[in-house]
Amino acid sequence: MDIYKKSIAELSDLLNKKIISSLEMTNYFIKRINSFDRELNSFITVDEENAQKQAINADLLIAEKNNTLLTGIPIAHKDLFSTKDILTTCASKMLENYIPPFDATVVNKLDKLGMVKLGKTNMDEFAMGSSNESSYFGPVKNPWDLSKVPGGSSGGSASAVAARLAPIATGSDTGGSIRQPAAFCGLTGLKPTYGSVSRYGMIAYASSLDQGGPIGRSAEDCRILFDEIKGYDKNDPTSNHKVIQKKSNLKISKDDAKNITIGIPKEYFLKDLDKDISDSIFESIKTFEKIGFNFKDISLSNQNLAIPAYYIIASAEASSNLSRYDGIKFGHRCSEPKNLEDLYLRTRKEGFGTEVKKRIMIGAYALSSGYYDEYYMRALKIRRIIRDNFASALNQVDYIFAPTTPTVAFNIGEKTSDATEMYLSDIYTTPVNLSGLPAASIPIGFSNKLPIGMQIIGNYFSEHNILNIADLFQKETDWHLRIPENFNHE
Ligand code: GLN
């Protein structure tokens with residue numbers, strides 16, 4: 001039946017018609033994880049027993065006709081979403097044994113619908129990274145080429161969905177961590193408007209930038225998941241009342257396309273961008289033009305300031321958020337501390353990896369009284385400028401197309417010794433987080449057998465339209481249906 005190839009709607013149809021039960025479907029994906037994940041390392045925890053229990057429950061809901069489209073469908077969660085009674089590590093030694101007493105809102109909402117949690121996916125430690133090499137549990141491999149990184153920090157989620165070990169997964173995007181791994185793995189990923197999806201129970205990295213969202217095989221699958229996880233949450237004061245609570249209908253039809261103008265920012269197509277990526281974007285634009293969309297060259301200046309500003313702001317917030325891991329409240333504690341200072345020092349020295357320590361130091365420095373104005377305040381001013389640049393661009397055009405990454409997936413180990421090179425892989429994604437805008441990355445082609453992604457950026461709370469535009473493209477093309485050869489069998 002090739003279950004692994006199916007969309008959420010197709011899987012749901014099989015469940016409704018009783019062609020397969022949720023328990024059988026769950027066991028099927030667990031079997032795929034067991035046979036393929038040794039190579040990929042995309043999961044930190046697979047909770048077979050819990051998944052089976054949830055599946056049996058889902059089968060009851062289906063039998064009672066008490067089900068929705070997502071009931072009984074398996075999902076993988078990035079290991080920074082707190083899951084009650086299930087290990088949640090954030091890929092850090094600090095939380096190696098942490099079992100949360102509560103669920104993140106996103107997890108809770110999907111549990112209530114009867115989705116089945118297969119397990120928790122590998123990631124960069126505390127979501128800091130662009131390659132999934134900073135995980136305490138070892139690097140994740142890209143299913144398209146095992147010598148390449150899957151992107152980060154949601155690399156485990158992307159690798160798992162690309163190899164079809166799970167039909168869909170959650171991720172989080174602080175500076176690109178949904179879109180960049182989606183691009184490297186040939187998937188569709190949505191970074192929602194800041195405030196659209198509750199951050200309650202998501203382990204914090206940089207609170208003014210973090211946002212959870214779906215990584216799936218198509219825009220349609222991402223829309224189905226996003227519809228269920230979005231919405232105001234009283235437990236997250238930054239979640240937004242404006243998020244449309246009702247289910248989305250397809251808002252943009254082919255006929256609407258002629259009234260829509262998409263901007264191509266010239267600053268995103270300069271020398272940093274790989275030629276194959278730029279060629280693929282212009283090739284895909286031809287398809288969008290055939291559908292009826294209009295295109296316009298625009299300018300988005302100051303984008304080159306995004307990386308320095310992002311790394312100051314994200315590190316500053318991280319240094320504050322991560323101060324809670326002190327060996328007292330929860331998480332790792334060093335053995336036999338001599339005194340309080342020794343407890344703090346050794347706990348943090350042992351518990352955090354190198355990248356996390358670096359960010360904490362950069363952040364603490366940028367926030368220190370002598371340097372606050374020079375670094376942190378300046379970064380905030382740049383953030384404002386970038387936001388204003390987007391606002392004026394989105395006054396001239398309805399959406400913006402941009403590359404997701406400057407290159408396709410790179411070699412494992414290639415950038416670990418050069419932090420600047422690694423940070424520059426987020427050059428096209430961080431401006432969107434600094435502005436709080438929504439953006440999706442969709443697969444549009446290949447370079448040397450590795451997937452290429454393109455971003456569709458829209459105005460605040462336009463994620464449904466963004467996904468609709470992506471869906472119109474995916475109806476005309478089959479990039480999103482390609483599956484890496486070694487994983488394209490039962
Ligand atoms: N690579 C970026 C960083 O390390 C983005 C990470 C993310 O979006 N979580 O900060």
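Numbering of ligands and ligand atoms starts at 1, following listing order. One is the number of the first residue; the rest follow in order along the sequence.
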Quick one: side chains of residues 363-376, donor-acceptor pairs under 3.5 Å with protein atoms, not counting sequence neighbours, listed by atom name and distance.
| residue | atom | partner | partner atom | Å |
| --- | --- | --- | --- | --- |
| S368 | OG | Y365 | O | 2.6 |

List, one per line, each side-chain donor-acceptor pair under 3.5 Å for residues 446-454, sequence neighbours excluded.
| residue | atom | partner | partner atom | Å |
| --- | --- | --- | --- | --- |
| S447 | OG | D276 | OD2 | 2.7 |

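Cation-pi geometry between R164 and F487 is not met at under 6.0 angstrom from the ring centre and within 45 degrees of the axis.
With salt bridges taken as basic N to acidic carboxylate O contacts below 4.0 Å, none links K109 and E228. Salt bridge annotation for K120-D79: present, with a cationic side-chain nitrogen under 4.0 angstrom from a carboxylate oxygen.
Applying the side chain to side chain donor-acceptor pair (under 3.5 Å) criterion to K117, with sequence neighbours excluded, gives D111.
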Enumerate the pairs of nitrogen or oxygen atoms, one from ligand 1 and one from the protein, separated by less than 3.5 angstrom; state names and distance to 0.1 Å.
| residue | atom | partner | partner atom | Å |
| --- | --- | --- | --- | --- |
| ligand 1 | 1 (N) | G129 | O | 2.9 |
| ligand 1 | 1 (N) | S130 | OG | 2.8 |
| ligand 1 | 1 (N) | D426 | OD2 | 2.7 |
| ligand 1 | 4 (O) | G129 | N | 2.8 |
| ligand 1 | 4 (O) | R359 | NH1 | 3.2 |
| ligand 1 | 4 (O) | R359 | NH2 | 2.8 |
| ligand 1 | 8 (O) | T174 | N | 2.7 |
| ligand 1 | 8 (O) | G175 | N | 2.6 |
| ligand 1 | 8 (O) | G176 | N | 3.3 |
| ligand 1 | 8 (O) | S177 | N | 3.0 |
| ligand 1 | 8 (O) | S177 | OG | 2.6 |
| ligand 1 | 9 (N) | A127 | O | 2.9 |
| ligand 1 | 9 (N) | S153 | OG | 3.3 |
| ligand 1 | 9 (N) | T174 | OG1 | 3.4 |
| ligand 1 | 9 (N) | S177 | OG | 2.7 |
| ligand 1 | 10 (O) | Y205 | OH | 2.6 |
| ligand 1 | 10 (O) | Y310 | OH | 2.6 |
| ligand 1 | 10 (O) | R359 | NH1 | 3.0 |

